[in-house]
Amino acid sequence: MPISLDQLLAGYPPSVETSAARVRKALASARRVFIVLDDDPTGTQSVADLPVLTDWSPEALEWALTQGRPAVYVMTNSRSLDPDDAARRNREVAAADRRVDGIVIVPAFGDAGRITVGGVHYAGSVADGFTPVGESEFAGDATFGYRSSRLAEWVQEKSGGELPASSVIEISLAELRTDLGAVAARLRSAGSEQPIVSDIVDENDLRRLSLAVQQAEDAGSRFIYRVGPPFVRARIGQEVHPPLDHDDLVAIRQGGLAENSVGGLVVVGSHVQQTTRQLEALRAIDKPTEVEIDVPVVLTSGRDGHLDAIVDQVLAELPRGNVVVRTSRTRVTGSDAADSLAIARAVSDAVVEVVQRVLAGYPPRFVIAKGGITSSDVAARGLGMTRAFVRGPMLPGIVSLWEPVAGPACGIPYIVFAGNVGDENSLAEVVDKLS
């Protein structure tokens with residue numbers, strides 16, 4: 001039974017108005033640029049006007065760091081890798097030779113209905129109430145599933161017991177809203193990569209945590225952050241960007257490869273129920289042409305012929321209107337998490353090939369990628385995108401638009417749309433705005 005927000009917050013102090021300018025002022029003396037290692041592109045959906053890289057070569061990083069922005073996003077796509085490969089890639093991107101005192105873990109994402117209260121992480125909405133995430137559909141993911149809703153217990157679960165819940169520093173909502181000095185002191189107490197979790201409900205809470213973290217860092221503490229999308233926005237003191245409008249889209253497309261193209265391409269790889277509901281709404285409202293990548297066929301010798309037929313159909317329909325390319329809705333899983341991940345990679349390879357061939361034959365008016373791993377592979381491999389700017393959200397606080405600034409997709413708005421955000425009509429709203 002979902003719990004109302006009023007019930008969750010009963011007895012807690014009210015939110016404390018905290019400006020983004022206050023965070024920027026606190027950060028100014030540090031003279032630093034944050035490097036965000038993003039496991040998939042959906043992490044950019046809360047920020048605006050920041051550079052994005054899919055290549056972490058010295059040349060690419062030099063370009064990004066000379067753009068004069070407070071943060072740079074580097075897409076590692078580690079979500080699509082097995083644990084050993086993901087660890088190896090993160091070490092490759094950021095070889096650190098300094099100590100780390102604490103790992104700040106903040107998955108809260110208010111715009112997408114994710115909040116943490118009393119140490120427990122919840123998913124839901126103000127309208128429908130909130131459910132502990134361990135009881136939500138997301139907990140049952142074949143590769144990334146979990147049982148725990150309390151963050152300290154989630155740390156213990158995901159570390160295989162190596163990091164017991166009792167070792168996790170927990171920052172309460174009451175403390176965060178009433179005593180930043182005490183929060184900074186608790187952060188300062190962390191040592192030897194100790195996990196730190198914090199209650200978060202709204203943007204003010206994130207900004208207050210950012211102030212406390214900055215205070216601790218100014219005193220000598222060093223942290224790595226494992227966080228949800230809005231944390232970076234709060235940490236750099238960026239205002240909440242309004243959704244992009246028609247003029248923003250025209251400016252990106254003007255003079256570009258697909259300025260006069262008619263149809264946009266919607267690539268759907270996510271299998272969560274929210275995506276299925278959004279696809280059904282798009283089908284009813286926009287009536288796009290739909291083409292299905294049959295996952296069981298992709299895993300057989302019939303793959304190449306199947307993809308040839310899909311590309312031919314998409315190229316025939318794009319000059320007339322929008323086209324949805326989706327994977328078959330029945331989830332195909334392996335015998336274990338690693339096998340399921342291998343299947344996911346094979347399917348993603350098929351999606352990438354379709355996008356590459358479509359881009360060469362008829363550049364779409366826009367490209368939307370639905371799902372985390374899907375959006376990473378479509379950007380880096382399907383569209384050959386190495387450098388881009390995230391320009392802002394398409395909907396309030398969610399669904400980011402990238403402007404490619406290098407590669408064959410320059411001038412084509414690229415929309416990163418996580419599988420589990422928005423309501424039933426969100427996909428249709430974004431397609432309508434882009435069309």
Q) Will you find, in the side chains of Asp202 and Ser15, an N or O donor that is under 3.5 Å from an N or O acceptor? A) yes

Q: Look only at the side chain of Asp286 and the backbone of Arg283, and say whether a donor-acceptor pair between them is shorter than 3.5 Å.
A: no

Q: Decide whether a cation-pi geometry holds between Arg391 and Phe389; the criteria are a distance under 6.0 Å from NZ or CZ to the six-membered ring centre and an angle within 45° of the ring axis.
A: yes

Q: Mind checking the CD-CD spacing from Glu290 to Gln313? Nearest 0.5 Å is all I need.
A: 10.5 Å

Q | Closest heavy-atom pair and its distance - Gly237, Ala20 | A | O-CB, 3.4 Å

Q. Taking NZ, NE, NH1 and NH2 as the nitrogens, is one of them in Arg233 or Asp111 under 4.0 Å from a carboxylate oxygen of the other?
A. yes

Q | His121 versus Thr116, side-chain donor and acceptor atoms under 3.5 Å | A | yes

(Q) Consider side-chain hydrogen bond (donor to acceptor under 3.5 Å, both in side chains). Of Glu153, Glu157, Gln156, which one does Ser148 pass it with? (A) Glu157

Q.
Given 3.5 Å as the limit, does a donor-acceptor pair link the side chain of Arg114 with the main chain of Ala108, or not?
A. no

Q.
With a 4.5 Å cut-off on side-chain heavy atoms, are Leu401 and Ile252 touching?
A. yes

Q: Classify the side-chain pair Ser328/Asp294 by whether it contains a donor and acceptor separated by less than 3.5 Å.
A: no

**Q.** Audit row: Val431, Leu434, side chain to side chain contact (heavy atoms under 4.5 Å, CB included) steps and yes/no
**A.** CA-CA 5 Å; Val431 169; Leu434 289 161; 5.8 Å; no

Q) Is the closest side-chain heavy-atom distance between Gln278 and Phe417 below 4.5 Å? A) yes

Q) In terms of heavy-atom contacts, does CD1 of Ile224 have more than 12 from other residues, nucleotides or ligands at under 6.0 Å? A) no

(Q) Would you compute the distance between atom CD1 of Ile285 and atom CD of Glu424 and round it to the nearest 0.5 angstrom? (A) 10.0 Å

Q) Shortest non-hydrogen contact from Ala369 to Ser375? A) CB-CA, 3.5 Å

Q | Closest non-hydrogen atom pair, Leu359 against Gly382 | A | CD2-O, 4.2 Å

Q.
What I'd like to find out is whether the side chain of Ser435 reaches to under 4.5 Å of the side chain of Phe366, using heavy atoms alone.
A. yes

(Q) Measuring from atom CD of Glu203 to atom CZ of Arg208, what distance do you get when rounded to the nearest 0.5 angstrom? (A) 13.5 Å

Q | Residue pair Phe223 / Leu187, side-chain heavy-atom distance below 4.5 Å | A | yes

Q. Taking it one step at a time, do Val268 and Ile368 satisfy side chain to side chain contact (heavy atoms under 4.5 Å, CB included)?
A. CA-CA 8 Å; Val268 180; Ile368 297 175; over 6 Å; no

Q: Apply salt bridge (charged side-chain N to carboxylate O under 4.0 Å, His left out) to the pair Arg150 and Glu170, showing each step before the final yes or no.
A: CA-CA 10 Å; Arg150 183 177 167 229; Glu170 297 181 272; 2.6 Å; yes

Q: May I ask you to decide if Val297's main-chain N or O and Thr300's side chain share a donor-acceptor pair within less than 3.5 Å?
A: yes

Q) Can we say Arg69 and Asp49 salt-bridge, meaning some charged N sits less than 4.0 Å from an Asp/Glu carboxylate O? A) no

**Q.** Side-chain donor-acceptor contact under 3.5 Å, Thr44 with Ser400
**A.** yes

(Q) Quick check: closest heavy atoms across Val120 and Pro132, and the distance to 0.1 Å? (A) CG1-CB, 4.4 Å

Q.
Does any part of the side chain of Val378, heavy atoms only, come nearer than 4.5 Å to the side chain of Val351, both counted from C-beta?
A. yes

Q) In terms of side-chain geometry, is the basic nitrogen of Arg207 or Asp205 positioned less than 4.0 Å from the acidic oxygen of its partner? A) no

Q) Around atom CZ of Arg24, are there more than 12 heavy atoms of other residues, nucleotides or ligands at under 6.0 Å? A) yes

Q: Could you tell me whether Arg186 and Glu175 make a salt bridge, using a distance below 4.0 angstrom between a side-chain N and a carboxylate O?
A: yes

Q: Taking atom types as modelled, find out whether Gln214 and Arg235 have a side-chain donor-acceptor pair closer than 3.5 angstrom.
A: yes

Q. When rounded to the nearest 0.5 angstrom, what is the spacing between CG in Leu180 and CG in Leu209?
A. 9.0 Å

Q: Using a 4.5 Å cut-off on heavy atoms from C-beta on, say whether the side chain of Val197 contacts that of Ile171.
A: no

Q: Locate the shortest heavy-atom distance separating Tyr146 from Ser136; write the atom from each residue and the value.
A: OH-OG, 4.2 Å

Q) Given the rule in the side chain to side chain contact (heavy atoms under 4.5 Å, CB included) test, do Ile105 and Ile196 qualify, once you have shown the distances and angles that lead to the verdict? A) CA-CA 6 Å; Ile105 302 169; Ile196 304 162; over 6 Å; no

Q) Is the backbone N or O of Ala418 less than 3.5 Å from a side-chain atom of Thr42, with the two atoms forming a donor-acceptor pair by type? A) no

Q.
What I want to find out is whether Asp308 reaches Arg357 closely enough, with some N-O distance under 4.0 Å, to be called a salt bridge.
A. yes

Q. Under 3.5 Å, is there a donor-acceptor pair linking the side chains of Ser426 and Glu429?
A. no

**Q.** Backbone of Asn420 reached by a side-chain donor or acceptor of Gln274 within 3.5 Å
**A.** no

Q: Please determine if Arg381 and Asp349 form a salt bridge, counting it only when a charged side-chain N lies under 4.0 Å from a carboxylate O.
A: yes

(Q) I'd like to know whether Leu265 forms a side chain to side chain contact (heavy atoms under 4.5 Å, CB included) with Val325, so could you lay out the CA-CA distance, the side-chain angles of the two residues, the decisive distance to 0.1 Å, and finally the verdict. (A) CA-CA 7 Å; Leu265 181 65; Val325 174; 3.8 Å; yes

Q: Taking the side chain as every heavy atom from C-beta outward, state whether Lys370 and Val267 have any pair of such atoms under 4.5 Å apart.
A: no

(Q) Just so I know, are the side chains of Val106 and Tyr225 near enough to count as touching, which here means a heavy-atom distance under 4.5 Å? (A) no

Q) Using a distance-only test with no angle check, is there a side-chain donor-acceptor pair under 3.5 angstrom linking Ser57 and Asp55? A) yes

Q.
Using a 3.5 Å distance criterion without hydrogens, assess whether the side chain of Asp199 forms a donor-acceptor pair with backbone atoms of Leu173.
A. yes

Q. Under a 4.0 Å N-O cut-off, is there an ion pair linking Glu353 with Arg303?
A. yes

Q | salt_bridge(Arg32, Glu217) N-O dist < 4.0 Å | A | yes

Q: Nearest 0.5 Å please: distance from the CG atom of Leu395 over to the NZ atom of Lys433.
A: 6.0 Å

Q: Examine distances only and state if a side-chain atom of Asp101 and a backbone atom of Ser221 form a donor-acceptor pair shorter than 3.5 Å.
A: no

Q) Only one of Thr374, Asp377, Thr327 clears side-chain hydrogen bond (donor to acceptor under 3.5 Å, both in side chains) with Ser348; which? A) Asp377

Q | Straight-line distance of Asn322 CG to Thr289 OG1, nearest 0.5 Å | A | 8.5 Å

Q.
To check you understand the geometry: which heavy-atom pair defines the closest contact between Leu206 and Ala234, and what is its length?
A. CB-CB, 3.5 Å

